[in-house]
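The chains referred to below are lettered A, B, ... by the order of the sequence lines, with proteins before strands, and numbering in each begins at 1.
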Amino acid sequence: MATEALAKRLAAGEAAHAAAEPATIVIFGGAGDLAHRKLLPALYNLHLDGLLPPRIAVVGSGRNTSTDEAYRAFARDGIERFSRRPMDEAQWPSFAEALFFVKLDLEDPRAFPTLGARLDTIEHERGLPGNRIYYLAVPSSLFKPTVEQLARAGFVGSADAGPFARVIVEKPIGRDLPSAMAINEAIARVFDERQIYRIDHYLGKETVQNILVLRFANSFFEPLFNHKYIDHVQITVAEEEGVGTRAGYYDQAGALRDMVQNHMLQLLALVAMEPPHSLDADVVRDEKLEVVQSLRPIEGQAVDDQVVRAQYAAGFQMGTPVPGYRDEPGVNRSSSTETYVALQVFIDNWRWAGVPFFLRTGKRLPKRASEISIHLKPVPAILFNRNPAARLDPNVLTVRIQPDEGFALGISSKVPGPHVRIYPVNMDFDYSSTFGASSPEAYERLLLDVLAGDPTLFMRRDAVEASWRWIMPILDRWAEQASAPLPTYAAGDWGPVEANRLIESTGRQWRTL
Amino acid sequence: VWRRSSPDAIERDLAALWRETAREGPLSRALMANLVVIQQCDDPAEDAGAAALEAAAGDVAQRHPVRAILLDYTPGVETPGAPKAVRVGLRTFGSSAARYGVDLIALQVECAKASIPSIVRRLTRGGVPTSVWWIGDLSKHPPPELMPTLGRQFLYDSASWQNPREGLRIVAGVIARPHSPDMADLNWRRMAPMRRAIVHGLGTEPDARELRATGVDIRHGASRAADALLLAGWLHGSLGWSSAEVPRIEESRDPADALSAVLTGGDWAVKASMDERRVIVTGTTQTAFEVIVPRETEAEQVAAELPSLGADMALHAAVRAAAILAL
């Protein structure tokens with residue numbers, strides 16, 4: 001005990017990640033796509049950076065029979081294909097030896113004692129103290145049985161004493177408010193809220209984290225962030241890919257559930273939140289929750305007026321024909337699932353009164369790009385803005401989330417020459433060229449935060465449920481209109497004409513990404 | 001610096017090119033706009049060639065830093081596909097202590113017209129204006145329906161039109177659309193000294209108070225029919241003539257004649273004659289004077305037009321009127 005206290009005291013002066021204690025990370029769904037593409041490469045990069053605790057074990061589990069060696073090969077393949085940094089042969093062995101695999105049927109109660117025995121052995125051999133992180137990289141239908149099994153097997157200790165037990169929950173958390181509440185309730189019966197880390201990988205992106213820095217570490221932005229100076233805000237999350245291999249999930253979800261309910265409302269909350277009085281996790285999350293709770297409900301007829309949904313039809317991408325959504329493998333030929341949604345949203349608080357927030361997201365858009373653009377009000381049409389045929393571009397602050405993470409401030413400048421001609425120019429900040437090295441992947445930061453016990457970038461239960469509560473009237477309205485024809489847009493376009501009308505009816509235009 | 005690439009690796013290869021070039025010394029990325037240069041060539045004999053296209057775009061970028069996307073486009077393909085050849089380039093300018101560079105992307109495309117926008121949308125950068133420069137004869141190869149609206153500005157050169165009437169009809173159609181782009185005609189730019197000369201000539205002719213279409217006689221060389229129509233359209237649109245009032249336009253038999261206009265109003269007359277170097281103006285009462293025609297390369301003309309965002313209302317009016325006159 002005295003030794004532990006000494007270590008904690010010494011760690012207090014180090015960077016936060018130094019507080020990350022030795023732990024075992026158990027990935028349920030460890031042989032799945034998420035683990036292959038994201039989790040294992042993220043852990044590997046943390047290993048290369050020396051950010052993982054000096055003692056750690058990563059135990060993948062899945063239904064299919066595998067061995068530790070086979071799992072290490074699986075991890076290596078994922079790293080070679082998806083890691084932001086190439087394989088370092090000198091560092092690989094020390095990472096690989098921390099990887100293990102346990103065959104496990106999550107719905108078989110007899111399997112968990114076997115898992116427990118294996119974990120005990122691994123922890124004993126590697127000198128691990130029994131701290132465990134359970135990563136639920138499985139369909140949400142398995143969240144409840146998994147946590148119940150964990151409880152039954154005695155894997156979850158107190159949040160206040162002893163080795164820690166934390167659980168990471170991947171989206172989607174439910175497909176509506178009742179199912180989200182049921183999942184949250186099931187997890188809450190086993191884990192204390194302080195032990196639950198609901199992951200939204202968008203919040204782990206450098207630029208997203210930089211929104212708070214931009215707003216609250218610079219004196220000239222924050223005074224402008226209100227209805228006096230901001231004309232409107234646009235948040236775009238564009239995906240170039242179609243539904244791909246996710247048809248089974250996506251056809252039941254759609255763009256509103258898949259993107260808006262979580263990522264986009266979180267981005268909106270970061271842009272619109274009041275300054276927190278500290279950076280403590282719950283203080284920041286309280287302020288974000290305030291924003292979601294201040295969203296003006298979109299109900300009944302307002303859904304028809306303020307929300308556009310559409311589905312991609314056949315079109316072109318980079319010159320190549322691509323099929324429409326209903327012709328994608330695994331998609332119902334008569335599916336009415338939206339692959340695109342655009343919304344006009346208002347935040348009914350003092351700061352943002354009357355300022356529209358336009359959100360749009362879709363699949364099979366021309367490119368993969370996510371950004372937040374904050375459009376300032378135009379200057380009066382008195383001096384340089386008098387000519388109606390050549391209106392000045394208003395100032396725009398753009399936060400690029402992906403790709404090319406960074407931000408740009410669009411200003412007007414005189415073109416050199418004898419005439420007064422004004423041209424929009426950008427003051428541009430680009431992460432990669434400014435700071436050199438590539439930014440860590442979102443999952444790296446988030447996994448590190450779980451290891452260090454910092455929940456700031458994770459969704460709290462009340463926030464998840466508040467988001468669903470706001471989304472529900474839109475889903476309900478759509479359910480009433482199930483037989484109504486769904487607008488379409490050609491793959492490779494920026495969305496349906498209805499979405500253009502949505503914003504153009506307010507005298508504004510979608511920004512071109 | 002140019003490098004072969006593939007449709008899926010364009011941004012990655014460009015990033016690598018920047019990294020490698022930056023090792024030689026400080027280097028900034030300059031980006032004022034996207035410039036999409038489209039050259040349609042269904043006749044290989046007319047193809048100016050990829051090298052010429054790349055050189056022209058590089059010259060433009062030196063004057064107005066753009067991300068240049070060069071599409072060498074062969075239409076009429078039944079089964080569209082991805083670009084068959086892709087190259088990415090980086091051109092740098094400035095002294096070694098203050099170097100800046102621009103992206104160049106060159107694609108050879110054989111595809112349906114409808115698929116071109118998907119290529120352009122993927123490759124343009126957001127947050128800066130996009131200009132589309134349609135190289136070649138727009139009257140012979142009309143751009144795809146959506147093409148002009150892919151950018152904020154659409155550049156073309158009416159001097160290349162073999163069929164000026166068709167060219168005017170097409171451009172007038174684009175202007176008439178909602179959210180039409182800002183049109184920039186390089187030939188209209190070259191004709192600016194002629195318009196200025198006429199304005200000055202009329203301004204210094206004391207009795208020139210009224211001008212009707214019947215008092216206008218325009219003569220043009222064999223290859224300057226578009227100039228003549230635009231000039232007539234400019235006068236027509238600016239002076240508010242009715243559609244029944246049509247100035248005389250004649251093709252000159254003299255090969256040395258480029259473009260001239262005689263404007264008369266009873267007891268006064270002003271004549272303006274334009275060639276490659278100057279406009280000479282004579283009048284009933286005034287001393288002859290000349291207006292210099294600036295010597296600009298095509299790249300200089302394009303670079304000068306790129307910062308001119310906003311509708312050129314005089315051009316719009318001239319095109320609308322000329323399109324009617326051409327009927």
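With hydrogens and angles disregarded, a donor-acceptor distance shorter than 3.5 Å links the side chain of Asn426(A) to the backbone of Gly127(B).
Counting heavy atoms from C-beta on, the side chains of Leu309(B) and Pro424(A) come closer than 4.5 Å.
Within a 6.0 Å radius of CZ in Phe221(A), more than 12 heavy atoms belonging to other residues, nucleotides or ligands are found.
Of all residues spanning residues 3-13 of chain B, those with a heavy atom less than 4.5 Å away from chain A's heavy atoms are Pro7(B), Ile10(B), arranged by number. Residues of residues 371-378 of chain A never come within less than 4.5 angstrom of chain B, heavy atom to heavy atom. When the heavy atoms of residues 24-33 of chain B are compared with those of chain A, the residues falling under 4.5 Å are Met32(B), Ala33(B), listed by number. Within residues 504-513 of chain A, the residues approaching chain B closer than 4.5 Å by heavy atoms are, in numerical order, Glu504(A), Gln509(A), Arg511(A), Thr512(A), Leu513(A).
None of Leu123(B), Val86(B), Val109(B) except one satisfies the side chain to side chain contact (heavy atoms under 4.5 Å, CB included) rule with Met318(A); the exception is Leu123(B). Exactly one of Ile422(A), Val415(A), Val425(A) qualifies for a side chain to side chain contact (heavy atoms under 4.5 Å, CB included) with Pro307(B). That residue is Val415(A).
Residue Arg122(B) comes nearest to Lys367(A) through the heavy atom pair O-CE, 3.5 Å, listed as atom of the first residue, atom of the second, then distance. The two atoms that bring Leu306(B) and Tyr423(A) nearest to each other are O-CE1, 3.5 Å, heavy atoms only.
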**Request:** Go through Phe316(A) and Arg121(B) one step at a time and tell me if the side chain to side chain contact (heavy atoms under 4.5 Å, CB included) criterion holds.
**Result:** CA-CA 11 Å; Phe316(A) 297 94; Arg121(B) 289 188 188 118; over 6 Å; no
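With a threshold of 4.5 angstrom between heavy atoms, Asp404(A) approaches chain B through side-chain atoms but not through N, CA, C or O. Neither the backbone nor the side chain of Asp428(A) comes within less than 4.5 Å of any heavy atom in chain B. Neither the backbone nor the side chain of His316(B) comes within less than 4.5 Å of any heavy atom in chain A.
For the set Ala22(B), Ser118(B), Ala15(B), Gly310(B), the entry with the most heavy-atom pairs within less than 4.5 Å of chain A is Ser118(B).
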